Participant: 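The structure follows.
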Amino acid sequence: MSTETHDGCRVCGRTDVGLKKDGTLRQHVHAAYKGSGFLRPGGSRCDGVGHPPKGVLGRYAKRVIANLLPYFSDLKDPIVADVIGEAVQRHHTSPDDAFEAILDGSANWRLKPDGRDTGRVRLACYRFNESDADQQRVQQINAALAEIRYR
Ligand SMILES: [Zn+2]
């Protein structure tokens, strides 16, 4: 059992759960579901299992940011990259249909849930007059995002 301390599970907040070698949380039960695991699909296992604790980005979220970085200069600011990365990680750990992360000052570019694959994200263009170049960028980046194999 790892004795490494961390800020707690991003889903249930437990800090008494050890980390695996890859830095993700070991098996544990969501405290709120203790004894009532039959009430939810997948049992009482916490959704945070296998994901990194609060404040730490998993490989999937890191790869998403790395793929977007060349196209969105705002992400060169580490604080912005962190906020977006954390939003992607949160969605990855606890998929949310309402997920949205805005990537630029004019909100033309946003990350939305990838409906084909729970907990993953896709790029969407909200520009009023979307150009061919915009559509190409969307296709190119989404193809790259779909290639990410890490959790
Ligand atoms: Zn948990």
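Atoms within a ligand are numbered from 1 in the order they appear, just like the ligands themselves. Source: prediction; values computed, not measured.
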Participant: Are more than 12 heavy atoms from other residues, nucleotides or ligands located less than 6.0 Å from atom CZ of Arg63?
Facilitator: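 12 or below, so no.
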
Participant: Sorted by chain and residue number, which protein N/O/S atoms are under 2.8 Å from the Zn ion (ligand 1)?
Facilitator: Cys9 SG, Cys12 SG, His28 NE2, Cys46 SG

Participant: Taking the six-membered ring of Tyr60 as reference, does the cationic atom of Arg120 (NZ for Lys, CZ for Arg) lie under 6.0 Å from its centre and within 45° of its axis?
Facilitator: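 No, Arg120 does not lie over the aromatic ring of Tyr60.
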
Participant: So, are Glu86 and Arg10 salt-bridged, with charged N and O less than 4.0 Å apart?
Facilitator: yes

Participant: Hey, does the side chain of Arg14 reach the backbone of Val29 with a donor-acceptor pair shorter than 3.5 angstrom?
Facilitator: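 Yes, the answer is positive, given that a donor and an acceptor are paired below the 3.5 Å cut-off.
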
Participant: Is the closest basic N to carboxylate O distance between Lys20 and Asp22 below 4.0 Å?
Facilitator: no

Participant: Please check if the side chain of His91 supplies one atom and the backbone of Phe99 the other of a donor-acceptor pair under 3.5 Å.
Facilitator: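 Not at all, since once roles are kept as given, no pair shorter than 3.5 Å links the two residues.
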
